[in-house]
Amino acid sequence: MSQTFEEDLAFSKTLHKHEAERGGLLAKITSKDKEAFENVVNNYMRYWVGKDPMSESEEEKEARRSNYTNMTNSYYNIATDFYEYGWGESFHFCRFYPRENFYQAIARHEHYLAMQLNIKPGMKVLDVGCGVGGPAREICQFTGAHITGLNNNDYQICRAMRSAVNIGLENKTNFIKGDFMKMPFEDNSFDAVYAIEATCHAPKLEGVYGQVFRVLKPGGTFAFYEWCVTDKYDPTNADHRRIVRGIEYADGIPELFKTSEALQALKNAGFEVISAEDLAVNDDQITWYYPLEGDMGKAQCIWDFFTVFRMTHLGKFCTRALVGGLETFGIAPTGSLQTQRVLETAGDCLVEGGRLGIFTPMYLMVGKKPMSVN
Ligand SMILES: CC(C)=CCC[C@@H](C)[C@H]1CC[C@H]2C3=C(CC[C@]12C)[C@@]1(C)CC[C@H](O)C[C@@H]1CC3
């Protein structure tokens, strides 16, 4: 199941044809290697399909935990182009305010995290699970710090590097392939570390937080937004279980943990907790999940119409018709439509989880590595 870095990169180049990775969703999916794409979709689905969330065995769950790199890599190999089409280059949620532009709100969430870390120009900062590098570029420009993005998906790294070069940030950012449970960095090498909705892909939170602790300099700070289930989540409630399982399945997550478990894992990793707060619990007029509700009446400005439209019934129908049509005529690979359907499930379950308050994508924790570690 585990592949070497060279094998991973060779596969990614075959699948995505890295030299052809420009254009919109349709251009990208039609340029994939069809056989490789179909295999990745099937590989991802085998971790989930036919497994009843209420009765699945410990071995089935363990298969996802122990193969988390393979599972998450497969997920992002199929989902990345759809994410960029529907959401842009920063793969995370945020708080929203009336009449505000979507991308402005997304950037504020990143600035807010940078502020928790007190990042100064010239600092060496690590972004754990950097996606295609949207937040790394923004935080680099916002603070003047040097940002290293860590990611285990070659396609995303390639896209992150290309975008950094395009805007002249190649000397102020770098993107490294690696597993966040075994980070490829020396001890005490970063002044600050952040993670945005990424560490939930870990099989065990203490494992990834422990790695952050190791690579952070003594006195350094780790601030991050974690995906968690809240205290309102009741695993014996079939509806709750269906929703949370839907989020896990459709977002490539081996297992979601409770906010209290995440906080305990941070302490167990050795951090002194500075703050822990669920930013989704607030009196905002607008919810974090509104762009996924598909309600055009909730669009906050003209540009928002495009983002919100994609999740309306008509928007989903159009995407399905285009992607499915191309697949039927053999122009897009088999599995493209299935990927769109998986992501629709993601959208629907996230909205349900948000409305019930059983799930948060923004449990903000800030921890400090003590100056002297015993
Ligand atoms: C998976 C993790 C930990 C973080 C990603 C959070 C979000 C950026 C994604 C979660 C669900 C995604 C969906 C889309 C874009 C990216 C997310 C919001 C789409 C809007 C992409 C276009 C598709 O047609 C519909 C998708 C719904 C879900």
Side-chain angles (χ1 to χ4, degrees), residues 24-26 28-29 44 68 71-94 96 102-103 105-106 109-110 127-135 151-153 156 180 195-202 205 208 224-229 243-244 246-257 262 280 287-295 299 304-324 332 336-354 359-363:
L25 177 66
L26 298 184
K28 285 188 203 142
I29 59 167
Y44 183 70
Y68 68 96
M71 190 191 78
T72 310
N73 240 330
S74 301
Y75 178 77
Y76 283 115
N77 273 329
I78 61 177
T80 299
D81 297 327
F82 287 81
Y83 270 30
E84 287 193 82
Y85 151 75
W87 211 254
E89 295 178 343
S90 287
F91 298 164
H92 61 81
F93 291 97
C94 62
F96 293 102
F102 173 82
Y103 294 106
I106 288 278
H109 205 60
E110 295 163 4
D127 176 336
V128 179
C130 63
V132 294
N151 190 326
N152 215 8
N153 184 278
Q156 294 197 335
F180 56 21
I196 307 184
E197 302 182 23
T199 42
C200 57
H201 291 297
L205 295 179
V208 58
F224 59 114
Y225 298 117
E226 191 60 276
W227 275 33
C228 288
V229 289
I243 295 166
V244 168
I247 296 175
E248 291 167 345
Y249 151 68
D251 292 282
I253 297 168
E255 184 177 5
L256 277 167
F257 297 98
T287 59
W288 60 264
Y289 49 83
Y290 94 88
L292 296 178
E293 288 181 300
D295 177 351
D304 238 22
F305 282 110
F306 299 103
T307 309
V308 175
F309 176 73
R310 289 180 182 124
M311 283 304 287
T312 60
H313 291 298
L314 181 62
K316 288 194 250 188
F317 173 81
C318 292
T319 311
R320 264 185 251 143
L322 275 169
V323 171
S336 306
L337 181 59
Q338 193 172 10
T339 304
Q340 165 64 14
R341 288 192 194 280
V342 169
L343 293 177
E344 285 177 16
T345 303
D348 295 342
C349 290
L350 286 163
V351 169
E352 281 192 88
F359 166 80
T360 177
M362 47 184 82
Y363 185 51

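Bear in mind the structure is a predicted one, so any value in this text is a computation, not a measurement. Numbering of ligands and ligand atoms starts at 1, following listing order.
No side-chain heavy atom of Asn152 sits under 4.5 Å from any side-chain heavy atom of Phe180. Side-chain contact between Gln156 and Tyr76 is present, with at least one heavy-atom pair separated by less than 4.5 Å. With contacts defined as side-chain heavy-atom distances shorter than 4.5 Å, the pair Pro291/Phe96 qualifies. Here the side chains of Tyr85 and Arg310 are in contact, with some heavy-atom distance below 4.5 Å. The shortest distance between side-chain heavy atoms of Glu293 and Tyr290 falls below 4.5 Å. The shortest side-chain heavy-atom distance between Trp227 and Leu256 falls under the 4.5 Å cut-off.
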- Query: How far apart are the C-alpha atoms of Ile243 and Phe359, what are their side-chain angles, what is the distance that settles it, and do they pass the side-chain contact (heavy atoms from CB on, under 4.5 Å) test?
  - Reply: CA-CA 9 Å; Ile243 295 166; Phe359 166 80; over 6 Å; no

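The contact set between ligand 1 and His92, taken as ligand atoms under 4.0 Å from a residue heavy atom, comprises 8 (C). When each atom of ligand 1 is checked for a heavy atom of Met311 under 4.0 Å away, the hits are 25 (C), 27 (C). Contact atoms of ligand 1 toward His201: 3 (C) (distance under 4.0 Å to a heavy atom of the residue). Listed by number with element, the atoms of ligand 1 under 4.0 angstrom from any heavy atom of Asp251 are 1 (C), 10 (C), 11 (C). Shown in contact with Cys200 at under 4.0 Å from a heavy atom are these atoms of ligand 1, numbered in order with element: 3 (C). The contact set between ligand 1 and Leu350, taken as ligand atoms under 4.0 Å from a residue heavy atom, comprises 10 (C), 11 (C).
At least one heavy atom of Tyr76 sits less than 4.0 Å from an atom of ligand 1. Not a single heavy atom of Gly252 lies less than 4.0 angstrom from ligand 1.
Ring orientation note: the planes of Tyr83 and Tyr75 are nearly perpendicular, at an angle over 60° on the 30°/60° scale.
At a heavy-atom cutoff of 4.0 Å, ligand 1 is contacted by no atom of Tyr75, backbone or side chain.
Given atom 3 (C) of ligand 1, the protein heavy atom at minimum distance is Glu197 O, 3.2 Å. Of the protein's non-hydrogen atoms, Tyr83 CD1, 3.5 Å is the one closest to atom 16 (C) of ligand 1. The nearest protein atom to atom 7 (C) of ligand 1, hydrogens excluded, is given as Phe93 CE1, 3.9 Å; this is a heavy-atom distance. Closest protein heavy atom to atom 26 (C) of ligand 1: Leu343 CB, 3.9 Å. Among protein heavy atoms, atom 24 (O) of ligand 1 sits closest to Gln340 OE1, 2.7 Å.
When Phe91, Trp87, Phe82, Trp227 are checked for heavy-atom proximity to atom 2 (C) of ligand 1, Trp227 turns out nearest.
Within the 4.0 angstrom cut-off, atom 9 (C) of ligand 1 has one or more protein heavy-atom neighbours.
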